[in-house]
Structures are given as structure tokens and as C-alpha cells.
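The structure under discussion appears below in the form of C-alpha cells.
Each chain gets a letter, A, B and so on, in the order its sequence line appears, and its residues count up from 1.
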Amino acid sequence: MNEVLGITAAALSLGTPLVIAAAGEVVLERSGVLNIGLEGTMLSSAFAAFYVSHVTGSPWLGVLAAIFVALCVSGLTGLFALGLGADQVVVGTGMNLLCLGATGSLFFTGFARGGELLSVPVVPSTAGRIPVNGLMLFAPLLVLAAWWLLWRTRWGLAVRAAGEDPVSCAAAGHFPLRLRWQALGFAAVCAGMAGAYLSVAQTGSFAENMTAGRGFVVIAAVTFGRWTPLGSAGACLLISAAYGVQYLAKARELPIPPQLFDALPYMLALAVLIGAGRGKAGPAALAQPFEAGR
Amino acid sequence: MIRVTLAIAAALGVLAALLALAGVPLRDVAVSFVEGTTGWIPDRGEFVGWQPVSEVLRRATPLLLTGLAVQIALQAGSFNIGAEGQLRVGGLVAAWACLSLGLTGPLGIVVATILGAAAGLLWAAPAAWIRAFRGGHEVISTIMLNYVAVFATEFVVSGPMQERPGGEPTTAVIPEAASLSAITFGGGFVLYPALLVGIGLAILARLWLNRTPPGFEHRLVGANPSAAAYAGVKTKWVSLRALLLSGAVAGVAGALHLLGQERRYSIGFSPGYGFDSLGVALLAGGHPLGVLPAALLFAAIEQGAVRAQVAIGLPKEISFVIQGLLLLLVAYVRWRRRSTL
């Protein structure tokens with residue numbers, strides 16, 4: 001029983017930032033944008049939340065700052081990938097490098113000189129076996145919002161059309177580029193909260209490259225979850241549960257190499273890709289540019 | 001060429017403006033970059049030796065080979081973000097070949113490199129298969145394969161192939177006779193033979209792409225897959241082959257990095273060459289030989305940033321900012337795709 005509680009607590013604590021970011025990424029990918037730069041967006045947000053929480057003493061102001069920074073970073077991504085029609089994968093890779101360099105430089109200049117780990121105020125959390133913090137509550141709300149937006153609104157229908165066939169979408173009187181910008185905005189809010197979670201909810205600190213590939217894990221989870229909000233959230237929780245099981249295996253000294261659990265989520269995602277492929281589940285125009293007036 | 005040069009100039013201009021705003025003395029930055037990469041001290045008009053140049057060439061070697069690997073896939077329209085993983089398995093398999101099979105001498109180096117290439121090819125195979133026959137984006141699958149490679153090799157060097165049980169997670173050092181040693185010339189100039197292999201492979205790739213029918217099909221699929229299919233090219237097989245070839249070259253990069261520089265496989269085998277290589281390949285544009293100046297530029301930026309951190313306390317992470325800005329601007333001038341819909 002203790003083990004189950006422990007795994008659940010770890011899955012929720014580690015999985016929340018993935019679930020939040022995936023809620024945004026799924027809407028964005030449905031609109032036809034593959035945001036490789038999610039990793040960098042989350043990293044910048046984590047730094048912004050850390051910095052503002054440190055300066056003002058308020059973690060919630062930190063969360064707001066993280067969302068603002070995520071919107072700025074995504075704005076730059078959108079400027080190149082949507083406005084200028086540059087290749088989404090190239091732009092995303094560039095953004096990741098830029099964010100890694102910018103946060104690393106700022107952290108080095110402002111904080112790393114003392115050599116000690118700096119703690120900043122974190123959002124309030126309940127006590128108990130399964131602690132729940134303030135940011136965790138947003139995860140189910142955002143997943144439901146993504147589901148409702150995509151499948152219960154006219155806007156969502158248009159967004160999905162922009163990701164399937166932007167030309168027909170435009171012919172039906174919508175503006176695919178505008179829809180993609182709007183989806184990018186929603187994804188940025190989610191990525192900002194996910195980044196903030198890492199610094200002002202989970203650790204209360206910042207470290208260089210602290211996202212450590214979580215942005216890519218989210219992209220994999222969206223694939224694994226077949227581009228649906230609930231499926232992606234489930235994939236994120238499954239991945240974080242694998243980490244939870246790993247702690248258990250370590251505690252019990254089970255003769256299972258920890259790297260197996262580390263690699264498991266990625267192998268599962270690959271197996272899904274090999275077994276099922278994109279089929280009809282993925283947006284047909286994912287990562288395809290669209291030029292208005294053509 | 002002119003547009004890429006302009007993009008590089010613009011990236012440096014943006015960075016200079018940012019640094020000036022932050023109150024960093026730009027002249028000192030420029031001086032330490034020149035000192036750190038050329039060995040020439042502008043203030044004293046003095047040349048301190050070949051060590052900085054050799055260091056840039058050393059850093060450029062794995063970037064050149066992995067950059068070439070990514071470039072080959074790009075020519076057929078595929079993004080191989082998995083060079084990092086292919087490099088790692090290539091290096092580990094080369095270490096295994098030297099330590100367990102006892103390969104030595106020139107023949108041993110050739111066999112270990114071929115085994116490394118095979119490992120890289122096999123590591124790219126799932127992504128190639130998914131891309132060709134399952135319609136999944138290779139960017140996603142190669143990222144997954146990178147993680148699996150990192151953890152799988154970590155498992156091997158902290159268990160089956162560990163040097164000492166309970167010690168550092170690393171393999172033993174390969175014997176001197178099995179390694180591809182650097183050649184030291186007069187004046188302290190050091191040449192890494194792997195660099196020459198990289199240049200040779202880039203020339204071969206250029207000839208294959210431009211002078212042979214399969215190379216033409218390769219570029220045709222990259223330029224316009226629908227037109228290629230209409231012309232009777234088996235586009236699926238071509239993109240499968242492109243990613244496999246790319247993986248093999250990344251495997252060669254790993255094997256040569258192990259035989260020539262690291263001489264053992266540890267967790268820190270690659271500080272992210274496979275990720276930097278994407279930038280190198282994109283900067284090189286459509287020409288396989290372009291990876292040479294691109295790799296040298298990336299290596300010089302990293303080397304210069306290290307020097308600037310020591311000399312004037314500028315964070316060396318600034319090199320990522322330069323590379324990111326470069327990629328964004330090159331994406332704009334060169335990697336703008338027309339809507340294919």
C-alpha cells in the first residue's frame with residue numbers, strides 16, 4: 001500500500017509539468033505546428049519563475065512571469081516559423097539553443113558565482129502522503145480546456161482543419177495562420193506554467209538545463225497519446241509512473257538496472273510509432289508551412 | 001553564400017548589441033575570441049603558437065563527421081536529430097571491438113570503424129523504418145532513440161563493460177596500439193587523422209550525390225518528393241536509405257572519436273556533438289563540403305567562448321546563444337519551404 005501511494009505521489013509530482021505542457025502541445029500540433037522549441041520555452045519559463053520568485057518573494061508572480069516569458073519565446077518562434085515561413089524543425093532547434101544559452105548565461109552571471117544552491121519561495125502545497133501543490137490543480141483544468149476547445153467549439157474544428165488541410169480550411173473562410181498563432185498562444189501559456197512548476201513548485205531552485213529533455217518527452221507523449229488531450233495526459237502519467245517504479249526498485253534493491261526504467265517511456269513511444277504509425281490519428285499537415293494568399 | 005554570410009554577420013551583430021546593452025566591453029570579447037582561436041594576440045602583435053588552432057581543429061573533428069551525417073539525411077529531406085545516439089553506440093561498439101576482440105593496428109582501426117558504422121546504421125534503422133513505412137515524423141523517433149542510446153550505453157558501461165565493478169561508469173582505456181593517435185608537427189601543431197577522414201567522406205558524399213544515379217534520386221526526393229515519385233523513384237526506399245546512411249556516418253563519427261580522442265567510452269563521451277551537428281549541417285546548406293567551414297565556425301565559437309570565460313568572465317554558455325541566433329537567421333534565409341499543399 002505504501003508503495004502504491006509512493007508511486008502515485010511520484011507520478012503526480014513528476015507528471016504534472018508534462019501533463020500541463022502536453023495540453024498545450026496537443027492543441028498546437030493539431031493546428032499543424034510541431035514545436036521542437038518546447039524544451040527551450042519551458043527552460044526559459046523555469047528561469048523566469050525562479051528569478052521573479054527570488055526577487056519579489058511571490059511564487060505566483062513567478063508563475064505569471066513564466067507565462068509572459070513563454071509568450072515572448074513562442075512569439076519569436078511564431079515570427080520565424082509562421083510569419084516568415086521558415087522550417088519549424090530548424091526554428092525549434094535554434095530556439096532551444098538560444099534559450100539554453102540565454103538562461104545559462106543569466107544564471108551564471110547572476111547566481112552561480114557563490115557556488116551555493118539558492119532556494120526561492122514555492123507555491124503552497126498540502127501535507128500528507130500525496131502532496132498536492134497549487135500548480136497541480138491547473139493540470140486537469142488545462143487538459144479539460146484543451147479537450148473542450150478542440151472537440152466542443154467551432155474554433156477547435158477550424159484548428160483541426162488547419163492541421164489537416166490548411167488550404168481547405170482557408171477555402172472555408174478561416175485563416176489557418178491566425179488559428180496557428182492562437183494555438184501557439186494557448187501552448188505558450190501551458191509551457192510557461194509547466195516551466196514554472198519545475199522551479200517554483202517541484203524544486204524551489206534553478207539549475208542549468210533543468211528541463212533535461214522534458215520538452216521532448218512531452219512531444220513523444222503527444223505522439224504516444226495519439227494527438228488527443230486525454231490520451232496525451234495519460235501517456236505523461238504513465239511515463240512519470242515509470243520513474244516512480246524506478247524509485248521503488250532502487251529502495252527495494254531489486255536487480256533491475258535503473259536505466260531500463262529510464263529508457264522505458266521512450267521505448268514505449270517508439271513501439272507505438274512502429275506498431276501503429278501515424279495512420280489517420282496524426283494531423284496530416286503537421287510541420288508543413290502555410291502561406292496565406294497562395 | 002552571400003545570404004548565409006549576411007545571416008552570420010547579423011547574428012554576431014545582435015549578440016554584440018545584447019552584450020553592449022549588458023555593459024560588457026566588446027573589444028575585450030573580440031580580443032579573447034581572436035586569441036583563443038588563432039593564437040595571435042592583437043594587442044602585442046604576437047603569435048603564441050599553434051595550440052589554439054589545433055584545439056579548434058580537435059573540437060571541429062566530431063562536429064564535421066556528425067554534421068556530414070545530418071547533412072546526408074537533409075539532402076533527402078529528412079531531419080536526423082538522432083546523430084547523438086548513433087554517435088554514442090558507434091563509439092561504444094568501437095570500444096568493445098578494441099577491448100573484447102583485441103583489435104590493433106591499422107586493420108583493427110578499420111574494422112572497429114566499420115563496426116561503429118554498422119552500429120550507427122542499426123540505431124537509425126527504427127527511425128528510418130517509421131519514416132518510410134509508418135508515416136511517423138523522424139524528428140520524434142530519432143529524439144526517442146537518442147534517449148534509449150544514452151541509457152543503454154550508460155547501462156553497458158556501469159555493468160557488463162565497466163572497468164572496475166563499483167567504480168566510475170566507464171569502459172577501460174583502449175590500448176595505444178588500437179588507437180588512432182594524433183600527429184604532432186613542429187611548432188606544436190597537432191593534426192587529428194579523423195579530420196582527414198571526415199574531409200574525405202565529405203568529398204565522397206559530394207561525388208555520390210552529384211555524379212551517380214542513386215545520388216541524384218537522393219537529392220530529387222529531398223527537393224520534391226511528389227515529383228520524384230511521379231518520375232518513378234521509389235521515394236520510400238530512398239528516404240529509408242538516406243537515414244540508414246546518415247546513421248552509419250554518425251557511427252563512424254563515434255568510432256573515430258573513441259579511437260582518436262576519448263579512447264574509452266564514459267557517460268561524458270559526447271557533450272552533445274550530435275545536437276550541435278544539426279546546426280552545422282543546416283549552416284552548411286545544400287553542399288556536403290560546406291560542413292567543413294560550418295564545423296570550424298561552431299568549434300571556433302565554442303573555443304572562443306571558453307577563452308572569454310577564463311579571460312573576462314563572460315559565461316561560456318554565450319556560445320549557445322550565438323549558435324541559436326545563427327540557426328534562426330539561417331532558417332529564415334535558407335530553410336524556408338514553400339507550402340507543399
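Only the side chain of Thr223(A) has a heavy atom closer than 4.5 Å to any heavy atom of chain B. Using a 4.5 Å cut-off between heavy atoms, Phe80(A) contacts chain B through its side chain alone, with no backbone atom that close. The contact between Leu328(B) and chain A is made by backbone and side chain atoms together, counting heavy-atom distances below 4.5 Å. With a threshold of 4.5 angstrom between heavy atoms, Ser158(B) approaches chain A through side-chain atoms but not through N, CA, C or O. Ile81(B) touches chain A through its side chain: at least one heavy atom from C-beta onward sits under 4.5 Å away, while N, CA, C and O do not.
Separating the CD atom in Gln323(B) from the CG atom in Asn96(A) is a distance of 12.5 Å, to the nearest 0.5 Å. Rounding to the nearest 0.5 Å gives a distance of 10.5 Å between CD1 of Ile143(B) and OH of Tyr266(A). Here the CG atom belonging to Leu314(B) is positioned 7.5 Å from the OG1 atom belonging to Thr109(A), to the nearest 0.5 angstrom. Between the CZ atom of Phe320(B) and the CG atom of Leu100(A) there is a distance of 5.0 Å, given to the nearest 0.5 Å. In this structure, CZ in Phe79(B) is found 10.5 Å from CG in Leu34(A), a value given to the nearest 0.5 Å. Here the CZ atom belonging to Phe108(A) is positioned 4.0 Å from the CD atom belonging to Gln309(B), to the nearest 0.5 angstrom.
Between Ala331(B) and Ala86(A), the shortest heavy-atom contact is O-CB, 3.5 Å. When all heavy atoms of Leu98(A) and Leu325(B) are compared, the closest pair comes out as CD1-CG, 3.7 Å. What you find for Gly324(B) and Leu97(A) is that their closest heavy atoms are CA-CB, 3.7 Å.
Of the residues considered (Gly101(A), Cys99(A), Gly40(A)), Gly101(A) shows the highest number of contacts with chain B, using heavy-atom pairs under 4.5 Å. When each of Thr93(A), Ile219(A), Leu264(A) is scored by its heavy-atom pairs under 4.5 Å with chain B, the top score falls to Thr93(A). Contacts with chain B were tallied for Leu76(A), Ile36(A), Leu106(A), Val89(A); Val89(A) has the most, counting heavy-atom pairs under 4.5 Å.
Heavy-atom proximity under 4.5 angstrom to chain A picks out nothing from residues 269-277 of chain B.
The environment of Tyr51(A) atom OH is sparse: at most 12 non-hydrogen atoms of other residues, nucleotides or ligands sit within 6.0 angstrom. For Trp129(B), the CH2 atom is loosely surrounded, since the number of other residues' heavy atoms within 6.0 Å does not exceed 12.
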What do the steps show when you test Leu270(A) against Ile130(B) for side-chain contact (heavy atoms from CB on, under 4.5 Å), and what is the final call?
CA-CA 9 Å; Leu270(A) 274 172; Ile130(B) 290 168; 4.1 Å; yes

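Judged by distance alone, the side chain of Tyr147(B) and the main-chain N or O of Gly213(A) form a donor-acceptor pair under 3.5 Å.
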Between side-chain atoms of residues 148-155 of chain B and protein atoms elsewhere (two or more places apart, or another chain), which donor-acceptor pairs fall under 3.5 Å?
{"from": "Thr153(B)", "atom 1": "OG1", "to": "Ala149(B)", "atom 2": "O", "distance (Å)": "2.8"}
{"from": "Thr153(B)", "atom 1": "OG1", "to": "Val150(B)", "atom 2": "O", "distance (Å)": "3.1"}
{"from": "Thr153(B)", "atom 1": "OG1", "to": "Tyr265(B)", "atom 2": "OH", "distance (Å)": "3.0"}
{"from": "Glu154(B)", "atom 1": "OE2", "to": "Gln259(A)", "atom 2": "NE2", "distance (Å)": "3.1"}

